[in-house]
A.B. asks: 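Questions regarding the structure given below will be posed in turn.
Side chains included, hydrogens not; waters and symmetry mates left out as well; all remaining heavy atoms used. Throughout, residue positions are numbered sequentially from 1 according to the sequence presented.
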Amino acid sequence: KTTEVEDNVEVTAKYDSQPTVTAILNVEDKRLTSIQLTPKSVVLAVGETQQFGVTGFYDDGSVIDLTSDLDGSISGSDIVCAADNCLKVKASAVGESSTLRVSYGGESAESTITVHAHKLMSIGVSPSDTVANVGATIDYKAIGYYSDGNSKVLKSDIDWTSSNLD
């Protein structure tokens, strides 16, 4: 016999003159194993907003969007809540990194939010195309182009790689 159940049940079977047999079925809810807050980190310019999402991962393999069910909390002074549940934030001032945190079912997740006066929109390399003799040294620079129209040489956190084109 197949029966859909939502609670613990006792299943009994009897056949002809045989003794009745009983089985207990304990039904458990799926268990939350972790939650994820996305994006994990973000850089915003003053005045920009960012919507975050929360996903729950369960022991039965299911994945559920929890965004509308949870509230976030902020630590830091450079962002403010831009929605009732605080999962949409607005960059209000330049400052140190802030943290958005959510908790649910004994699990928690965090996202780091950094606010700059202007947002880095793209990067370039200077010089862009060069002809050089074998053994020559070229001093390349990474240039950052910002939302306010300014640019500057990026001096840290640049990962340089090179490869042969021949």
Side-chain angles (χ1 to χ4, degrees), residues 27-166:
V27 178
E28 295 180 350
D29 288 334
K30 57 187 168 194
R31 290 196 177 106
L32 181 69
T33 57
S34 66
I35 61 173
Q36 181 179 38
L37 181 60
T38 54
K40 180 78 174 143
S41 66
V42 67
V43 176
L44 301 174
V46 173
E48 281 189 305
T49 60
Q50 175 68 51
Q51 176 68 52
F52 290 83
V54 185
T55 307
F57 297 90
Y58 292 83
D59 62 355
D60 66 352
S62 60
V63 178
I64 298 176
D65 182 358
L66 301 172
T67 305
S68 62
D69 300 328
L70 301 180
D71 293 336
S73 63
I74 297 172
S75 65
S77 60
D78 54 351
I79 58 172
V80 295
C81 296
D84 288 341
N85 68 354
C86 210
L87 290 176
K88 183 175 184 180
V89 299
K90 182 175 183 178
S92 60
V94 175
E96 298 296 318
S97 293
S98 293
T99 302
L100 176 63
R101 180 181 174 92
V102 292
S103 296
Y104 181 72
E107 299 294 326
S108 63
E110 294 182 347
S111 182
T112 302
I113 305 160
T114 304
V115 179
H116 291 290
H118 302 287
K119 188 174 184 177
L120 178 66
M121 302 303 287
S122 65
I123 63 170
V125 175
S126 178
S128 60
D129 293 316
T130 306
V131 176
N133 294 326
V134 173
T137 302
I138 307 295
D139 184 24
Y140 285 98
K141 292 179 176 50
I143 310 295
Y145 299 95
Y146 291 85
S147 59
D148 66 346
N150 289 321
S151 62
K152 72 174 185 176
V153 174
L154 304 174
K155 296 182 180 180
S156 62
D157 297 327
I158 303 298
D159 293 323
W160 292 98
T161 60
S162 63
S163 60
N164 290 332
L165 297 177
D166 296 329

A.B. asks: Rounded to the nearest 0.5 Å, what's the gap from OG on Ser122 to OH on Tyr146? Could you check?
C.D. replies: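 Rounded to the nearest 0.5 Å, the OG-OH separation comes to 10.0 Å.
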A.B. asks: If you measure from CG on Leu70 to SG on Cys86, what distance do you get to the nearest 0.5 Å?
C.D. replies: 12.5 Å
A.B. asks: Can you list the residues that meet the salt bridge (charged side-chain N to carboxylate O under 4.0 Å, His left out) rule with Glu107, with sequence neighbours excluded?
C.D. replies: none
A.B. asks: I'd like a table of donor-acceptor pairs (distance under 3.5 Å, sequence neighbours excluded) in which one partner is a side-chain atom from residues 125-145, with atom names and distances.
C.D. replies:
from, atom 1, to, atom 2, distance (Å)
Asp139, OD2, Lys141, NZ, 3.0

A.B. asks: Show me the side-chain donor-acceptor pairs of residues 40-54 shorter than 3.5 Å, one per line, residues at least two apart or across chains.
C.D. replies:
from, atom 1, to, atom 2, distance (Å)
Lys40, NZ, Glu110, O, 3.3
Glu48, OE1, Ala45, N, 2.7
Gln51, NE2, Leu87, O, 3.3

A.B. asks: So how far is it from Ile123 CD1 to Ser151 OG, rounded to the nearest 0.5 Å?
C.D. replies: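 The CD1 atom of Ile123 sits 13.0 Å away from the OG atom of Ser151.
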A.B. asks: Considering only distance and modelled atom types, tabulate donor-acceptor pairs under 3.5 Å from the side chains of residues 77-84, sequence neighbours left out.
C.D. replies:
from, atom 1, to, atom 2, distance (Å)
Asp78, OD1, Ser98, OG, 2.1

A.B. asks: Can you tell me which residue pairs pass the disulfide (SG to SG under 2.5 Å) test with a partner in residues 90-137, sequence neighbours excluded?
C.D. replies: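 Every candidate disulfide (SG to SG under 2.5 Å) pair involving residues 90-137 fails, so no pair, neighbours aside, qualifies.
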A.B. asks: Quick one: pull up CD1 in Ile113 and OG in Ser97 and give me the separation to the nearest 0.5 Å.
C.D. replies: 9.0 Å
A.B. asks: Determine all donor-acceptor pairs shorter than 3.5 Å in which one atom belongs to a side chain in residues 56-66; sequence neighbours excluded.
C.D. replies:
from, atom 1, to, atom 2, distance (Å)
Asp59, OD1, Arg31, N, 2.9
Asp60, OD1, Ser62, N, 2.9
Asp60, OD1, Ser62, OG, 2.6
Asp65, OD1, Thr67, N, 2.9
Asp65, OD1, Thr67, OG1, 2.6

A.B. asks: So do the side chains of Arg101 and Ser108 get within less than 4.5 Å of each other, counting heavy atoms only?
C.D. replies: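 Heavy-atom side-chain distance check passes, below 4.5 Å.
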